[in-house]
Structures are given as C-alpha cells and as structure tokens.
Participant: 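Here you go, one structure.
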Amino acid sequence: MTFNMASLVYSVLIIFVMAHLIQGQGLQKGFYSKTCPKVEDIVKSSVQKAFNNDVTVAPGLLRLHFHDCFVQGCDASVLISGTSTERTAFANANLRGFEVIDDAKMQMETACPGVVSCADIVALAARDAVGLTGGPSWSVELGRRDGTVSSASDVSNLPAPTDSVAIQRKKFSDKGLTDQDLVTLVGAHTIGRTACQFVQYRLFNYTGTGNADPSISPSFLSQLQSLCPQNGDSSKRIPLDKGSENKFDVSYFKNLRDGNGVLESDQRLWSDSNTKSIVQNYAGTIRGLLGLRFDYEFPKSMVKMGAIGVKTGSQGEIRKICSQFN
Ligand SMILES: *[C@@H]1O[C@H](CO)[C@@H](O)[C@H](O)[C@H]1NC(C)=O
C-alpha cells in the first residue's frame with residue numbers, strides 16, 4: 001500500500017515535471033489578456049489583409065516562424081535588417097512576410113505600446129496563416145521576448161533541401177524535436193513554393209550518374225523537367241505540394257508516398273523506415289489502424305517548436321520596431 005502510494009506520487013510528479021518541460025519555459029496562453037487583449041485580433045487582421053491580397057503570403061509567414069525558432073530560439077532574431085544579420089544569410093534569401101509582421105507591430109504600438117514582442121507576433125501570424133489555408137488552429141502560448149543577437153553565421157543549423165534523413169534528424173533532435181515532429185513540421189510544405197535551383201540537380205545528372213534521382217516517379221520527373229529545364233531560370237518558383245499548393249492538407253504526404261516529392265530532403269523521408277511509417281500514417285495508407293491525424297499532430301509540434309530557446313521574463317527586450325534592436 002505504502003509502496004503503491006509512493007509510486008503513484010512519483011508518477012504524478014514525473015507527469016507534472018514533464019508537462020512543465022513540454023510547455024516551454026514560462027510561455028503561457030493568454031499572456032497579454034490584461035496588458036494587450038487585442039493582440040490576437042490585431043495579428044489576425046494583418047494576416048487576413050495580406051492574404052486577401054496574395055494567398056502565397058501564408059507559407060511565407062509559416063516559414064518565417066520556423067526559421068526564427070531554429071536559430072537563436074523563437075526570438076524574432078530573423079527579422080533584424082542590416083548587414084550580416086540572419087535575414088541576409090543564403091538560407092533566408094527567400095523569406096517573406098516581414099511587412100505583415102511590421103504592420104501588426106505598428107498597430108500593436110498604438111493599442112498597447114511596448115508590450116507585445118515581435119517573436120509572439122511571428123508565432124501568432126504562423127498560426128493564422130495555417131488557418132487561412134484550411135489547416136488546423138491552436139492556441140498559441142505567448143510571452144516570448146525579443147532577442148538582441150542576429151548573425152548570418154548562426155543559420156547553419158537550419159535544415160537544407162539536400163539534407164539526408166540522418167542530418168535532418170540531427171538538426172531537429174538538437175532542438176528537442178523527435179522524428180514525429182520532424183515529419184509533422186516538414187508537412188508545412190503542404191503549402192508554398194520553392195525555386196528551381198533547389199530541384200534542378202535532381203532532374204538530369206543526379207550525383208554524376210547521368211540520370212535523374214531514381215526516387216522521383218517517372219511521370220512526375222517529366223513534369224519537373226519541363227517546369228525546371230536544365231539551363232532554365234533557376235529562380236523560377238514551383239509548388240512544393242504537387243496539385244495542392246495553396247491548401248493545407250495531407251496531399252503532401254501522399255505525394256511523398258507516390259514519388260512526387262519536390263525537394264530531395266522531403267522525398268528522403270520515404271526512404272527511412274521510421275520517418276516513412278509516419279508519412280504513411282498521415283497519407284492514410286495504413287487502413288484499419290488508429291493512425292495519427294496530421295490536423296491533430298501539427299498544432300502539437302508547432303507548440304513544441306514555438307518554445308525552442310525562448311527568452312522570457314526579463315531576458316531580451318520588447319522591440320519597438322521589429323527589424324531593429326532597441
Ligand atoms: C554527369 O556528371 C558527371 C560528373 O560531374 C560528368 O562526368 C558527366 O559527364 C555528366 N553526364 C552528363 C550526361 O552530363
């Protein structure tokens with residue numbers, strides 16, 4: 001009896017400690033409920049306005065949050081303009097959506113000056129962007145502070161389109177993210193585009209073989225070759241999720257299953273047994289089993305990602321202008 005009681009107390013304690021760790025260091029829902037109750041409405045209207053004008057801003061905003069969190073934690077370090085900041089690094093060359101964050105911040109400084117961090121605006125905008133493209137919604141834990149360091153030399157831990165599964169796994173696990181988080185978060189490629197320069201090398205003479213990457217399905221290969229011809233415009237942009245580039249859905253996983261992945265790093269998720277089973281699960285190919293649902297898992301992984309290396313309390317600062325340190 002005593003033993004059972006002790007182990008029960010112990011288990012409860014472990015669950016409590018783990019729940020606390022998973023929640024992130026001090027982020028909380030409703031962080032601004034007293035100091036800036038309109039925060040979510042303001043971000044939502046800025047995102048909606050930009051989306052009405054150009055639906056492709058949605059993947060841009062989602063990617064902005066991701067690229068922010070992977071480098072120096074989710075602290076808006078990616079927003080700083082100037083020379084040799086993160087934003088100027090090659091891996092961030094095509095980032096977009098900055099003007100949406102700036103617009104929300106400007107309104108925030110009128111409604112509740114000096115209160116809401118740029119890092120929180122980025123996190124909220126990513127959530128709203130997913131919702132607008134038909135994806136799930138979730139409640140965003142807030143209370144991030146803005147960082148005071150932004151250096152182009154720090155971006156090497158961002159995943160790259162040529163990364164093997166082993167390297168992707170390492171980059172994610174370095175941030176406390178599992179294989180399931182990896183596959184789930186890369187599922188963000190259900191919306192958005194990439195440039196031919198990240199695809200062309202797979203299409204004609206992959207690794208010096210004289211042939212295309214054999215993991216590309218034959219019918220998709222000819223489509224890709226005509227979209228991104230050998231000596232064509234390498235900056236031309238093509239959809240990451242064949243046939244469904246503006247809709248947040250599971251077709252991206254079906255495309256990986258069918259050899260229709262656009263980026264090599266994405267298609268590789270089908271070649272590793274562990275990541276493959278997660279892709280299969282989301283693609284709905286495992287019938288009769290109680291599988292994972294992408295719509296349910298994506299918010300969970302986003303909350304985890306959104307807590308990477310966050311600064312809270314008196315750390316960092318609340319920027320006045322998102323592209324400049326105070
Ligand atoms: C493919 O690349 C290899 C190594 O760079 C080169 O030797 C070969 O000539 C190329 N083949 C074709 C068909 O271009």
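Worth saying up front: this structure is predicted, and the values here are computed from it rather than measured.
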Participant: Could you give me the CA-CA distance, side-chain angles and deciding distance for D179 and T275, then say whether side-chain hydrogen bond (donor to acceptor under 3.5 Å, both in side chains) is met?
Facilitator: CA-CA 6 Å; D179 271 12; T275 53; 5.9 Å; no

Participant: Could you walk me through whether Y32 and D120 pass side-chain hydrogen bond (donor to acceptor under 3.5 Å, both in side chains), step by step?
Facilitator: CA-CA 10 Å; Y32 300 109; D120 279 342; 2.5 Å; yes

Participant: Quick one: closest heavy-atom pair of C74 and A119, and the distance?
Facilitator: O-CB, 3.5 Å

Participant: For N231, is the CG atom crowded, meaning more than 12 foreign heavy atoms sit under 6.0 Å from it?
Facilitator: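 It does not: N231 CG has 12 such atoms or fewer within range.
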
Participant: Check whether S301 reaches the backbone of F298 with its side chain - one donor and one acceptor, N or O, closer than 3.5 Å.
Facilitator: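 Answer holds: no.
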
Participant: Any donor and acceptor pair, going by atom type alone, linking the side chain of N281 with main-chain N or O of R293 inside 3.5 Å?
Facilitator: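 No, the answer is negative, given that no donor and acceptor are paired below the 3.5 Å cut-off.
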
Participant: Is the closest side-chain heavy-atom distance between V115 and I318 below 4.5 Å?
Facilitator: no

Participant: Return the minimal non-hydrogen interatomic distance between P239 and V262, and the atom names on each side.
Facilitator: O-CG2, 3.4 Å

Participant: With a 4.5 Å cut-off on side-chain heavy atoms, are L269 and K276 touching?
Facilitator: no

Participant: For D266 and H189, does a side-chain donor sit closer than 3.5 Å to a side-chain acceptor?
Facilitator: yes

Participant: Just how far is it from atom CG of L61 to atom CD1 of I121, taken to the nearest 0.5 Å?
Facilitator: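 Those atoms lie 12.0 Å apart.
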
Participant: Any side-chain donor-acceptor pair under 3.5 Å between T184 and E297?
Facilitator: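 Absent: no donor and acceptor within the cut-off.
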
Participant: Any side-chain heavy-atom pair from R268 and S271 closer than 4.5 angstrom?
Facilitator: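 In short, these two side chains touch, coming nearer than 4.5 Å.
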
Participant: Establish, yes or no, whether a centroid distance under 6.0 Å links the rings of F70 and F172.
Facilitator: yes

Participant: Can you confirm whether the side chains of Q72 and D154 place a donor and an acceptor under 3.5 Å from each other?
Facilitator: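 Yes, a side-chain donor-acceptor pair sits under 3.5 Å.
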
Participant: I'd like to know whether D174 forms a side-chain hydrogen bond (donor to acceptor under 3.5 Å, both in side chains) with N157, so could you lay out the CA-CA distance, the side-chain angles of the two residues, the decisive distance to 0.1 Å, and finally the verdict.
Facilitator: CA-CA 9 Å; D174 283 349; N157 51 6; over 6 Å; no

Participant: Heavy atoms, side chains only, cut-off 4.5 Å: are V55 and L132 in contact?
Facilitator: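 Contact flag for V55/L132 side chains = no.
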
Participant: Q230 and Q200: which non-hydrogen atoms are nearest, and at how many Å?
Facilitator: O-NE2, 4.1 Å

Participant: Would you kindly confirm whether L221 and Y206 end up in one hydrophobic cluster when ILVMFWY residues are joined by side chain heavy atoms under 4.5 Å apart?
Facilitator: no

Participant: Determine, using the 4.5 Å side-chain heavy-atom cutoff (strictly less than), whether I80 and L158 are members of one ILVMFWY cluster.
Facilitator: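 Different clusters.
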
Participant: I'd like to know if the side chain of T190 and the backbone of D249 have a donor-acceptor N/O pair within less than 3.5 Å.
Facilitator: yes

Participant: Set out, in order, the CA-CA distance, both residues' side-chain angles and the distance that settles side-chain contact (heavy atoms from CB on, under 4.5 Å) for M305 and H65, then state yes or no.
Facilitator: CA-CA 9 Å; M305 186 190 82; H65 184 38; 3.6 Å; yes

Participant: Is any side-chain heavy atom of L256 closer than 4.5 Å to a side-chain heavy atom of Y252?
Facilitator: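 Heavy-atom side-chain distance check passes, below 4.5 Å.
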
Participant: How about K38: does its NZ atom have over 12 heavy atoms from other parts shown lying under 6.0 Å from it?
Facilitator: no

Participant: So does H67 get a backbone contact from the side chain of N92, meaning a donor-acceptor N/O pair under 3.5 Å?
Facilitator: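 Checking the backbone N and O of H67 against the side chain of N92, no donor-acceptor pair under 3.5 Å is found.
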
Participant: Under the 3.5 angstrom rule, does the side chain of N255 hit a backbone N or O of G261 as a donor-acceptor pair?
Facilitator: no

Participant: First locate atom CG of L142, then atom CG of L124, and finally report the distance between them rounded to the nearest 0.5 Å.
Facilitator: 5.0 Å

Participant: Do R96 and T56 have side-chain atoms, one donor and one acceptor, less than 3.5 Å apart?
Facilitator: yes

Participant: Quick one: OG1 on T194 to CD on E245, what's the gap to the nearest 0.5 Å?
Facilitator: 12.0 Å

Participant: Given side chains that start at C-beta, do those of K236 and Q197 come closer than 4.5 Å, heavy atoms only?
Facilitator: no

Participant: Should I42 and V122 be counted in the same cluster of Ile, Leu, Val, Met, Phe, Trp and Tyr side chains packed under 4.5 Å apart?
Facilitator: yes

Participant: Rounded to the nearest 0.5 Å, what's the gap from OG on S117 to CZ on R319? Could you check?
Facilitator: 9.0 Å

Participant: Test your reading of the model: is there a side-chain donor-acceptor pair from Q168 to the backbone of S265, 3.5 Å cut-off?
Facilitator: yes

Participant: Going by side chain to side chain donor-acceptor pair (under 3.5 Å), name the pairs with one or both residues in residues 124-139, residues two or more places apart or in two chains.
Facilitator: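 Qualifying pairs, neighbours excluded: E40-R127.
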
Participant: Check the pair V43 / M108 against side-chain contact (heavy atoms from CB on, under 4.5 Å), numbers first and verdict last.
Facilitator: CA-CA 9 Å; V43 174; M108 220 65 86; 3.7 Å; yes

Participant: Would you say I216 and I238 are hydrophobically clustered, going by side-chain heavy atoms of ILVMFWY under 4.5 Å?
Facilitator: yes

Participant: Would you name the heavy atoms of S150 and S77 that are closest together and state the gap between them?
Facilitator: OG-O, 2.7 Å

Participant: Cut-off 3.5 Å, side chains only: do Q107 and S46 have a donor facing an acceptor?
Facilitator: yes

Participant: For residues K170 and D163, determine if any side-chain heavy atom of one lies less than 4.5 Å from a side-chain heavy atom of the other.
Facilitator: no

Participant: Mark yes or no: R87 above the aromatic ring of F98, with NZ or CZ under 6.0 Å from the six-membered ring centre and no more than 45 degrees from the axis.
Facilitator: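 Ring-cation test returns yes.
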
Participant: Identify the two heavy atoms, one from P161 and one from F198, that lie closest to each other, and give their separation to 0.1 Å.
Facilitator: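 Heavy atoms of P161 and F198 come nearest at CG-CD2, 3.7 Å.
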
Participant: Are F220 and L203 linked, directly or through intermediate hydrophobic residues, by side-chain heavy-atom contacts shorter than 4.5 Å (ILVMFWY only)?
Facilitator: yes

Participant: I'd like to know if D181 pairs up with K175 as an ion pair, taking the criterion as any Lys NZ or Arg NE/NH1/NH2 lying under 4.0 Å from an Asp or Glu carboxylate oxygen.
Facilitator: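 Between K175 and D181 there is no salt bridge, as every charged N stays at least 4.0 Å from the carboxylate O atoms.
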
Participant: Has the side chain of K105 got a donor or acceptor atom that lies under 3.5 Å from a matching backbone atom of V116?
Facilitator: yes

Participant: For G176 and K304, which heavy atoms make the closest approach, and how far apart are they?
Facilitator: O-CE, 3.8 Å

Participant: Would you mind reporting whether I278 and F253 have side-chain heavy atoms less than 4.5 Å apart?
Facilitator: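 No, too far: nothing below the 4.5 Å cut-off.
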
Participant: Can you see whether N205 engages N211 through a side-chain donor-acceptor pair at a distance of less than 3.5 angstrom?
Facilitator: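 N211 and N205 do not have a side-chain donor-acceptor pair below 3.5 Å.
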
Participant: Report the C-alpha distance between D272 and R169 in whole Å, list the side-chain angles of each, state the deciding distance to 0.1 Å, and finish with yes or no for side-chain contact (heavy atoms from CB on, under 4.5 Å).
Facilitator: CA-CA 11 Å; D272 172 276; R169 176 176 285 137; 3.0 Å; yes

Participant: Once you round to the nearest 0.5 Å, how far does CD of Q180 lie from OG of S277?
Facilitator: 9.5 Å

Participant: To the nearest 0.5 Å, tell me how far L227 CG sits from R237 CZ.
Facilitator: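 Spacing of CG (L227) from CZ (R237) equals 13.5 Å.
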
Participant: Does a donor on one side chain sit under 3.5 Å from an acceptor on the other, for D258 and S217?
Facilitator: no

Participant: Could you walk me through whether D75 and R144 pass the side-chain contact (heavy atoms from CB on, under 4.5 Å) test, one step at a time?
Facilitator: CA-CA 7 Å; D75 69 345; R144 295 168 191 78; over 6 Å; no

Participant: Centre-to-centre under 6.0 Å for F294 and F248, is that the case here?
Facilitator: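 Yes, ring centres under 6.0 Å apart.
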
